[in-house]
Amino acid sequence: MNFDKKSLSKLLSLSDEELTKVLKDLAKEGGIDPDTLNIGKSDLIKIRTFLSFATEDDIAKILRQFGGQKR
């Protein structure tokens with residue numbers, strides 16, 4: 001999993017349905033059954049808000065926790 005500002009911009013521009021699919025795909029890659037996730041509108045708002053204000057260090061830390069790298 002690689003992440004940069006361009007990827008972040010693209011992620012934030014996704015529709016709610018598209019973002020939900022991305023999140024469920026990430027969960028599946030992380031070993032979580034995506035069918036057990038109930039991602040609501042308020043969750044998406046919180047995720048978008050976090051990503052909008054996250055620093056590169058914040059994103060790098062999250063990626064490390066999920067076994068990814070920031071390039």
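Numbering of residues begins at 1 and proceeds along the displayed sequence.
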| request: Would you mind reporting whether Phe53 and Asp58 have side-chain heavy atoms less than 4.5 Å apart? | output: no
Hey, what do you get for [atom1] ([X]) to [atom2] ([Y]), rounding to the nearest 0.5 Å?
X     : Y     : atom1 : atom2 : value
Lys28 : Leu23 : NZ    : CG    : 15.0 Å
Asp35 : Asn38 : CG    : CG    : 10.0 Å
Ile39 : Lys46 : CD1   : NZ    : 13.0 Å

| said: Under a 4.0 Å threshold between the charged nitrogen and the carboxylate oxygen, would Lys21 count as salt-bridged to Asp25? | reply: yes
| note | Residues passing the side-chain contact (heavy atoms from CB on, under 4.5 Å) test with Leu14, sequence neighbours excluded, are Leu11, Glu18, Leu19, Val22
| Qualifying salt bridge (Lys or Arg N to Asp or Glu O under 4.0 Å) pairs, either residue in residues 7-17, two or more places apart | Asp16-Lys41, Asp16-Arg48
| Worked verdict on Thr20 versus Asp43 for side chain to side chain contact (heavy atoms under 4.5 Å, CB included) | CA-CA 10 Å; Thr20 299; Asp43 299 315; over 6 Å; no
| query | Pick from Leu51, Ile45, Thr49: which one makes a side-chain contact (heavy atoms from CB on, under 4.5 Å) with Ile47? | reply |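 Exactly one option meets the side-chain contact (heavy atoms from CB on, under 4.5 Å) with Ile47, and it is Leu51.
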| Can you list the steps and then say if Thr36 with Asp33 is a side chain to side chain donor-acceptor pair (under 3.5 Å)? | CA-CA 6 Å; Thr36 64; Asp33 179 1; 5.2 Å; no
